[in-house]
Amino acid sequence: MKKMKKLYLALMTFALVFSLAACSSADSDSGGSGEADGVQELTIKISHVVAENTPKQHGALAMKEYIEKESDGKIKVQVYPNSQLFGDKDEYQNLVANNVQFIIPDMAKLVGNDPGFNIPSMPFLFKDDEAANAFWDGEKGQEIFKRLEKDGVLGLSMWPNGAKHITNEKKAIKTPEDLDGMKIRTQGGQLLEALYGDLGAGSTSIPFGELYTALQQGTVDGQENTFSNIESKKFDEVQKYMTVMGHTRVDYALLTNTKFWDGLNDETRKIIEKGVEEATKVARDSAADLNDEALKTLKDRGQVEIHELSESEIDAFKKHLEPVYSEWAEKIGADIIKDAESKSK
Ligand code: LMR
């Protein structure tokens, strides 16, 4: 009789454990939130390093507006510009830890994660924002984003800022030789380091939030950036010369993390996905206009002497940088670069 009781108890315990296990796997199928229906109540943080009057902030605010409205306020979106929450050095690790749900780094800051993110630094590769957008929306660009999944990071979209131009404190740069001996701040190492090395210049990467002070104190002689970044951070206050060159680009990766993403139910995820789509449109539509306006403001302020390279002057830079281009085309992958080149034809 005792034996029968023991057997009965064992069977009951097994049945209970089995049904609990079945329940918890049903929960994780619905997104792991345990809340299968209805928009989830959430607070989402978006962190970035640039100023307000930039395509990145315009995109981030569009995302906030869409998501808060469509979720009837159930989802709150907090946007932190100007490295207020996290800066270049710590935003990626905090994304991985889900301390922030979206970051939008310049791809040059992701080259340590994957060499494909050197693409915006390939000299004179894309002719305009549309060519860059087309590459990152396409198969090869998406492949590069996918490589971040090993870190638990998802690349949702590419936002352009635009072509970069060099500012410096020493002299007007008109030829490749003019850079000889200068020390230039870049966004990241690898290809940008090789590019300046080829031009006889030293380079070092400094977080964007520390760049104004570095230029002011002469830690570096110059830097390269888009007009909207130069203008909105007032680098013309601490730099004498600007060369309109367009040799490299600032393109962003809008990133989230799988911890956050996989915890969303379908209804919530759909709103956020649509918010990302809307924000991408706004960021893409505003980038070129903001750069045009910023160039005009820089001219009006008149603090920096501007030299616009002629076509033949640009050709001299292209020629000088050919070996760097070939070397990095091989490092990134000939098929990828061929695809990228095809977008400018
Ligand atoms: C920079 O560090 O110069 C830029 O990448 C900043 C940015 O995010 O546009």
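Indexing begins at 1, ligand by ligand and atom by atom, following the structure's order. For this chain, numbers begin at 1 and follow the sequence in order.
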Taking the six-membered ring of Y252 as reference, does the cationic atom of K56 (NZ for Lys, CZ for Arg) lie under 6.0 Å from its centre and within 45° of its axis?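 So K56 does make the cation-pi contact.
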
Could you tell me whether K318 sits above the aromatic face of F124, with NZ or CZ closer than 6.0 angstrom to the six-membered ring centre and within 45 degrees of the axis? yes

Are I166 and L179 side-chain neighbours, meaning at least one heavy-atom pair lies under 4.5 Å?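 Yes, close enough: below the 4.5 Å cut-off.
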
Under 4.0 Å between a Lys/Arg side-chain N and an Asp/Glu carboxylate O for K296 and D292?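 A salt bridge is absent here (no side-chain N lies under 4.0 Å from a carboxylate O).
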
Can a salt bridge be assigned to the pair K76 and E41 using a cut-off of 4.0 Å between side-chain N and carboxylate O? no

Is the distance between the ring centroids of H48 and Y80 less than 6.0 Å? no

Measuring from each atom of ligand 1, which residues have a heavy atom under 4.0 Å away? V49, V50, K56, D106, K109, R185, Q187, F208, N225, N229, V250, Y252

